[in-house]
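Okay, structure first, notes after.
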Amino acid sequence: MSILGNRVVRREDTAFLTVGGSYVDDLDLDRALHLVYARSIVAHGRITAIDVDDARSSPGVAAVFTAADIAEMGLAPNVLPVFPEEMRRPYIAGDIVRHVGQPVAAVVAETREQAVDAAELVIVDYDTLPPVLDLEQSATDEVLLFPDHGTNVVNRMHSDRQADFSACEVVVTERIRNQRLTAAPIEPRTGAAWWTDDGRLVHYSACQGAHPTRDLLARIFDLEPERVRVVVPDVGGGFGAKSRTYPEELIIGYYARALGRPVRWAETRSENVAAMPQGRGQLQHAKIGGTRDGRITAYQLDVFQDAGAYPIIGAVLAGMTQRMLTGTYDITNVGFNATTVVTNKVSTTAYRGAGRPEATVAIERMIDRFADEIGRDPAEVRYKNLIPRFTEPYTTGIGTVYDVGDYPEALRLALDAVGYDDLRAEQTRRRDDEDPMLLGVGIGMYVEITAGGPGGEFGSVELQPDGRVRVVSGSTPYGQGHETTWAMIVAERTGIPMDQIDVIHGDTDQVERGGLTVGSRSVQLGGSAIAAASGQLVERARAVAAELMEAAVDDVVLDTDAGAFHVVGSPAVNTPWAKVAATLDEAMLESHDFTAEMPTFPSGAHAAVVEVDRETGATRLVRMIAADDAGTIINPLLAEGQIHGGLAQGIAQALMEEIRYDDDGNLLTTNFMDYPVISAAELPMFETVHLETPTWVNELGAKGVGESGTVGSIPAVYNAVIDAVSHLGIRHLETPLTPETVWRAIADR
Ligand code: MCN
């Protein structure tokens, strides 16, 4: 019997729930100095003078670095080579500041408190420049953020064809805003660095990939990668925003070298909200058209993507929106354009879903708008336009190739679970009775792309002479439970019990190579690598067992239930793994790099039931159903946990969370008082429904699940709230659907 598919509890949690995890800031570092940044209070301005004298002479201060002091470091490397050279970010701003919160000086002191106090004494004079905050305004280039570059536009994307609406009986347009969000990891960004006596750089980081950070550091400090060791201990969440280690942290090694002592950095929550790159920030102009009986025949999406002050990952995410343009629907006459611009706000980056929720929100809102326009039920319109079940690669109207999926079944399961027809009847009853509690039901169908980026993943499995197995993974987890997942895969392939399997990750001295844990890629790539390495190990061990049993290798099989090899037909005489291990002089190591032929496309249907208070505009999410298909599930408990977390973040985007700046570019949402991170108090018990169409892309049959919950839940909740108030003539509102937004719309009617 296979252990895969069982609800195995996370082995990671014993420590988390008892003694606690071990994070960068828990490092016991002898003689370490503390780094704190003085940050810009101006969104756009020229620095005319900077006075750090008082800061330098403040108690405990070892050094204060300005841009001039670190000039030899140049600008931080471009995150992607496609970005304009002129738009590279400085480690510390020297002449121009481009967002509130940008570092203007680095203060290093004996204690964190002393560094904070001294940073307050840094005095900067600015000539303010007009802030560019609006995306469409930025695209006009009236005010340039980088005059040398000549335009605020980072890139433009256009599909080969544009949608033609001439044959449509009905056409609906809408402006949809995907507001900025912060990932709000419980552990803000942290890092620590020092140099060893033989000149190696050691850097501890709370990030989403040890090796990519190591390679960046090697590049910055002009070292061979082997001369850098990056360790990623426990990480308190990342959600995409820690996928790239940022200049503020990358440069810690510079301060450590200059001062000859370890330097550590841990930002505050307010710094994290202001200065850690944010998610979303996409403005959409959508147009949908079709027949009066509900067949959609044309769809066009034109977007403006906010890159923030310096282009990083957020500046390419419109490409993901394009790839997932038509979602689960069979629409061939489609078009897409994107303009990505810089603005005087912190950069945008990947945040759970990264470009795919934006596509999903657009198509799912427009399906509802279209259904409303023709007076038909949104579920009926979806059924009419869904791609039928497919097991062979399917090419969408925009040219993306999906692996396998059954979208009509997902919709059926979600509607059954929620009791759709009864809800519609109840909704009508409440409307007729003028019940102050309006009922709304919303559907969010989704298909998303996982492991959509380049590269594969590394894994190795090593049988040691004492019988224990050492698994080494190139993936770096930050909350997903990889240790449990990898141990399950090895246990399943070898029959060795999980408690004899140790999992190593996140240390470049112990792991040969590795990628980023992004795009829900780890199980399908890292898991497949470990599965393949396990298979190779079984083959080698089988040869040893055959020798021990004096049998022909081809006659020997592994009984994974017993964890032992035997000759076909005679299980009584067997060689357990321990016996094979005992013959070894040195560990038996097998490794594998798995690269997939194509990404996988998890999908599903989410349904939300809300009550909207007509008097106050307040929304209560009453039920949330998620029917998700991530192919073969390794561990349903962990996969559900992923869905739960994703749902919470998606629901938060629909109802509550928003990063807001004022007209001068000051951040208004600076901590968890102003930025309402969602909690269990706002959420119902989630109802998950299971659906599995295993992918043929990898031997595990697994698709990613880490972001699915977010992608489907945003439009489901969004549509539910609009549905609740649609009979009042409200067709569309901007997220987050706060009580104020909803109340104003109702009051306007
Ligand atoms: N899983 C499974 N069967 C599958 C796929 C996944 O059982 N077919 C389970 C596995 O237990 C695996 C977990 O789900 O450990 C996640 O696997 P996968 O979908 O491959 O995603 P990754 O491990 O690559 O994680 C990345 C993904 C992303 S992109 C974001 S953003 C995110 C997320 O994971 N951020 C998280 N989940 C998070 N969870 C926590 N606690 N914290 C974050 O910051």
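Whatever order the structure lists ligands and atoms in, that order sets their numbers, starting from 1. All residue numbers in this chain count up from 1 along the given sequence. What you see is a predicted model; the values in this text were computed from it and never measured. Atom set for the values below is all heavy atoms of this structure, side chains included, hydrogens, waters and symmetry mates excluded.
With a heavy-atom cut-off of 4.0 Å, Tyr351 does not touch ligand 1 at all.
The protein heavy-atom contact nearest to atom 43 (C) of ligand 1 is Phe239 CE2, 3.1 Å. Ranking the protein heavy atoms by distance from atom 4 (C) of ligand 1 puts Lys703 O, 3.6 Å first. Among all protein heavy atoms, the one lying closest to atom 8 (N) of ligand 1 is Thr632 O, 2.9 Å. Here the protein heavy atom with the shortest distance to atom 20 (O) of ligand 1 is Val523 N, 2.9 Å. The nearest heavy-atom contact from the protein to atom 24 (O) of ligand 1 is Ser522 OG, 2.7 Å. In this structure, atom 26 (C) of ligand 1 lies nearest to the protein heavy atom Gln480 NE2, 3.5 Å. Protein heavy atom at the shortest distance from atom 23 (O) of ligand 1 is His482 NE2, 2.6 Å.
Contact detail for Ala192 and Ile252: the closest heavy-atom pair is N-CD1, 4.2 Å. Leu700 approaches Ala531 most closely through the heavy-atom pair CD2-CB, 4.1 Å. Closest heavy-atom contact between Val511 and His505: CG2-CA, 3.9 Å.
Heavy-atom distances between Gly631 and ligand 1 stay at or above 4.0 Å for every pair. Residue-ligand proximity: Gly645 is placed with every non-hydrogen atom at 4.0 Å or more from ligand 1.
Under a cut-off of 6.0 angstrom, the local environment of CZ in Arg269 is crowded, with over 12 non-hydrogen atoms contributed by other residues, nucleotides or ligands.
Using a 3.5 Å distance cut-off with no hydrogens or angles, the side chains of Thr693 and Lys703 do pair a donor with an acceptor. A donor-acceptor contact closer than 3.5 angstrom is absent between the side chains of Asp403 and Thr600. In the model, Ser522 has no side-chain atom that pairs as donor or acceptor with a side-chain atom of Gln480 under 3.5 Å. Side-chain contact, Glu187 with Tyr478: no donor N or O sits under 3.5 Å from an acceptor N or O.
Ring planes of Phe601 and Tyr402: tilted class, angle from 30 to 60°.
For ligand 1, the atoms sitting less than 4.0 Å from at least one non-hydrogen atom of Ala630 are 8 (N), numbered in the order shown with element in parentheses. Those atoms of ligand 1 with a heavy atom of Tyr478 less than 4.0 angstrom away are 26 (C), 28 (C), 30 (C), 35 (N), 36 (C), 42 (N), 43 (C), 44 (O). Set against the non-hydrogen atoms of Val705, the atoms of ligand 1 under 4.0 Å away are 1 (N), 5 (C), 6 (C), 14 (O), 19 (O). Atom numbering of ligand 1 starts at 1 in the shown order; those under 4.0 Å from a heavy atom of Val518 are 29 (S). The atoms of ligand 1 that sit less than 4.0 Å from any heavy atom of Gly704 are 19 (O). Short contacts between ligand 1 and Gly519, defined as distances under 4.0 Å to a heavy atom of the residue, involve ligand atoms 29 (S). Every atom of ligand 1 is numbered from 1 in the order shown, and the set under 4.0 Å from a heavy atom of Leu638 is 11 (O). Counting atoms of ligand 1 from 1 in the listed order, those under 4.0 Å from a heavy atom of Gly238 are 44 (O).
Considering backbone and side-chain atoms alike, Gly240 places every N or O at 3.5 Å or more from each N or O of ligand 1. Considering backbone and side-chain N/O of Ile634, one or more are found under 3.5 Å from N/O of ligand 1. Residue-to-ligand polar distances keep Thr517 apart from ligand 1: every N/O pair is separated by 3.5 Å or more. Residue contacts with ligand 1: Gln642 is placed with a nitrogen or oxygen under 3.5 Å of a nitrogen or oxygen of the ligand (distance criterion only). Ligand 1 has no nitrogen or oxygen under 3.5 angstrom from a nitrogen or oxygen of Pro636. The shortest N or O to N or O distance between Glu707 and ligand 1 is not below 3.5 Å. Checked by distance only, ligand 1 and Ala639 stay at 3.5 Å or farther apart across all their nitrogen or oxygen atoms.
Across Val503, Ile496, Ile530, a single residue satisfies side chain to side chain contact (heavy atoms under 4.5 Å, CB included) together with Val490, and that is Ile530. Tested against Arg280, the residues Glu358, Arg177, Glu657, Arg180 include a single side chain to side chain contact (heavy atoms under 4.5 Å, CB included) partner, Glu358.
By the 4.0 Å N-to-carboxylate-O rule, Glu483 lies too far from Arg11 to be salt-bridged with it. A salt bridge between Arg189 and Glu249 is absent, with no side-chain N of the basic residue lying under 4.0 Å from a carboxylate O of the acidic one.
Figure legend: cation-pi geometry between Arg365 and Tyr718, with NZ or CZ positioned under 6.0 Å from the six-membered ring centre and within 45° of its axis.
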